[in-house]
Every structure is written in structure tokens, then in C-alpha cells.
Amino acid sequence: MNAVIDRAVSARTSQAPLLEVKGLSVAYGKAQVVHEVGFEVRRGEFAVLLGRNGAGKTTILQAISALLPRRGGQLRFDGADVSAKDAPEIVRAGMIHVLEGHRVFTTLSVEDNLLLGTFAKNRRGDRAKLARIYDLFPILGEKRHLPASKLSGGQQQILAVAQGVIGEPQLLILDEPSRGLAPIVVDQILQVARQLCDTGIAVLLVEQLVHEALKHADYCYLLDTGRITGEGTSSEVRSGSMLQRAFLGH
């Protein structure tokens, strides 16, 4: 491990985790698909979960967000045990999960979709937060009065991510934001995620575009068949053999 990686690991371990996952297990019926997984995400860190299709990445995210029941394990967030909290309570605690697949309200305007993202903290909506979103995502400002159905697939994905950002999370969870999108849109989304980390927000990303994710991420966990099989800084993972083992099995 070189000096740059040593310093990155030292800086990471010197601060308490924002999200701490211990012994997380998830099953579909009798079939266990996540096996006592443990990992951490620090405040302001861009962490990524990588692995082959079917490795359990999306299942882990949904279990963290209380969208799926857990068979076992403990979740701590911002120093508190949140293992027993339901999905709305997880959101109010400061974790916002942007689900895979451009999930927006197509009959509502772009701006109304964004205002819905503020409801976790303000039931009447908070228009004061719109200006920052339009600065981050200018295309949404240009199309704010259009129904979301008039946006392209890429623009709908940007809107879905913006809905998460406008809720001012401490941790933003992104599940494969690149699916079906042009590379330039993917890069834009990941660049914004990187900017959010620079302001102190943590990002936890699941992504199939491995090299694009590692270009922006700080730390990486590798999964295979529902287990963590390796971890390291993005530089360490790119330069070593862990990726090959995770995706090719050797």
C-alpha cells in the first residue's frame, strides 16, 4: 500500500462512522441472500458497493432503508441505533434513498416533484430550497413548469436524484443511477454526488459502471453472493486484483 493510500485510510479511520452496518442478513423466504454483511460510511464520504448482478447490492440498500425486512443485524446512524425504525423514520433520521429506475411522478410538474422531496421536513413544501437545486441541475430549472412525463429518461433520472438532494440528507443512497442513460448524463450525476460529499453529505452508491464509479468514489466495498469480499480506497481497488476476483471469481 503506497503513502497516498496510507493517508487516505488513516483519515477515514480517524473519524466515527455516520452509517455503521453490522451483521446484516436478508432472506427471501427460506433463501438467505445477504450473509452478515458489515461496512461503514463516514460523513462527507463517497462510498460505493460493487459486484456482479445478483451479488446482493440492491437488497442491501433496501434493507438499510427499511424497504425490505432484515433477518438480522444492527444499523447505527449518526450515533443512534436505527435497526427498528421503519422507512419514514429512516428518512426523517437523515437517510434518503433514490431508487433505481427514474421513479418520479410523471403527471406532476418538475417543480412539484422537487417540492415533494422537501415534505419529510416541511409538510407544506419549501420553495426556498429550489434555487440550489436549479444551480446544481440547470436543466430542471429550464423545464420546471413542464410535467415530468415530458422529460427524457436521463432528465427523469436527474429529477429523481434531485428529489433526494433537496431533502437535505446526511446520507444520500443512490441505486444504479446510470441505468439506461448516456455517459454524459451519468458523469453529470456522479459529479454532483461528488460535490455533495465536498459539502459534508455522505453518498452510498450502487453502480454497474465500475470505472466511472471508482473515478468519483473515495472508498469501495466489493460484494459477491451476498458477502463482502474486499474493500479499500478507490485507488487501491483500481490498482489491485480485487475487481477481477469480484467480477470474474478468480
Per the salt bridge (charged side-chain N to carboxylate O under 4.0 Å, His left out) rule, what does the pair list look like for residues 27-39, sequence neighbours excluded? none
Which residues pass the side-chain contact (heavy atoms from CB on, under 4.5 Å) test with Ile228, sequence neighbours left out? Val37, Tyr221, Leu223
Could you note down all residue pairs passing salt bridge (charged side-chain N to carboxylate O under 4.0 Å, His left out) where residues 182-202 supplies at least one of them, sequence neighbours left out? Asp187-Lys215, Arg194-Asp198, Arg194-Asp218
Just to verify, what does Ser234 make a side chain to side chain donor-acceptor pair (under 3.5 Å) with, not counting sequence neighbours? none
Interatomic distance, Thr199 atom OG1 to Glu168 atom CD [nearest 0.5 angstrom]: 10.0 Å
Output yes when a side-chain donor or acceptor of Lys57 lies under 3.5 Å from a complementary backbone atom of Leu50, and no otherwise. no
Any Leu18 side-chain heavy atom under 4.5 Å of Arg42 side chain: no
Can you measure from NE2 (His97) to OG (Ser65) and round to the nearest 0.5 angstrom? 5.0 Å
Qualifying residues under side-chain contact (heavy atoms from CB on, under 4.5 Å), relative to His35, sequence neighbours excluded: Gln32, Arg227
Decide yes or no for Val192 and Ile158: does some side-chain heavy atom of the first lie under 4.5 Å from some side-chain heavy atom of the second? no
Could I get the full list of side-chain contact (heavy atoms from CB on, under 4.5 Å) partners for Arg70, not counting sequence neighbours? Leu24, Ala63, Ala66, Leu75
As a quick check of understanding, evaluate side chain to side chain donor-acceptor pair (under 3.5 Å) for Ser178 and Glu207, giving each step before the final call. CA-CA 7 Å; Ser178 72; Glu207 184 51 74; 2.4 Å; yes
Search all heavy atoms of Val48 against all heavy atoms of Ala217 and return the closest pair with its distance. CG1-CB, 3.8 Å
Could you go step by step and tell me if Leu61 and Leu49 meet the side-chain contact (heavy atoms from CB on, under 4.5 Å) rule? CA-CA 10 Å; Leu61 296 189; Leu49 301 178; 4.0 Å; yes
Look at the side chain of Arg76 and the backbone N and O of Gly79, then say whether any donor-acceptor pair between them is shorter than 3.5 Å. yes
Side chain to side chain donor-acceptor pair (under 3.5 Å) partners of Gln74, counting only residues at least two apart: Asp81
Give, for atom CZ of Phe39 and atom CD1 of Ile60, the distance between the pair rounded to the nearest 0.5 Å. 6.0 Å
Measuring from atom CD of Gln157 to atom CD1 of Ile189, what distance do you get when rounded to the nearest 0.5 angstrom? 5.0 Å
Rounded to the nearest 0.5 Å, what separation is found between the CG atom of Leu19 and the CG atom of Asp78? 10.5 Å
Note, Leu68 side chain near Tyr28 side chain (heavy atom, < 4.5 Å): yes
Which atom pairs, donor and acceptor, lie under 3.5 Å between side-chain atoms of residues 138-150 and protein residues at least two apart or in another chain?
unit_1	atom_1	unit_2	atom_2	d
Arg144	NH1	Gly141	O	2.5

Reported CG-to-OG1 distance for the pair Leu222 and Thr229, which is rounded to 0.5 angstrom: 5.0 Å
With sequence neighbours left out, write down each residue that passes side-chain contact (heavy atoms from CB on, under 4.5 Å) with Pro69, or none if nothing qualifies. none
Shortest non-hydrogen contact from Ala213 toward Leu205: CB-CD2, 3.9 Å
Is the shortest heavy-atom distance from the side chain of Leu190 to the side chain of Phe46 under 4.5 Å? yes
Residues in side chain to side chain donor-acceptor pair (under 3.5 Å) with Gln163, at least two apart? Asn113
Minimum heavy-atom distance Val41-Ala202, with the two atoms named: CG1-CB, 3.9 Å
Measuring only between side-chain heavy atoms, which start at C-beta, is Asp112 closer than 4.5 Å to Phe105? no
Under a 4.5 Å cut-off applied to non-hydrogen side-chain atoms, are Leu99 and Leu67 in contact? yes
Looking at Glu40, Glu45, Glu231, which hits side chain to side chain donor-acceptor pair (under 3.5 Å) with Tyr219? Glu231
Taking Glu20 for the side chain and Pro17 for the main chain, is one N or O donor matched with an acceptor at less than 3.5 Å? no
Do the side chains of Val186 and Ile184 get nearer than 4.5 Å, heavy atoms only? no
Test your reading of the model: is there a side-chain donor-acceptor pair from Gln62 to the backbone of Thr59, 3.5 Å cut-off? no
Side-chain contact, heavy-atom cut-off 4.5 Å: Leu159 with Phe137? no
Tightest non-hydrogen contact, residues Leu114 and Ala162, listed as CD2-CB, 3.6 Å
Please list every donor-acceptor pair under 3.5 Å in which a side-chain atom of residues 169-177 meets a protein atom from a residue at least two apart or in another chain.
unit_1	atom_1	unit_2	atom_2	d
Gln170	OE1	Arg43	NH1	2.7
Gln170	NE2	Ala93	O	3.4
Asp175	OD1	Thr58	OG1	3.1
Asp175	OD2	Thr58	OG1	3.0
Glu176	OE1	Arg179	NH2	3.1

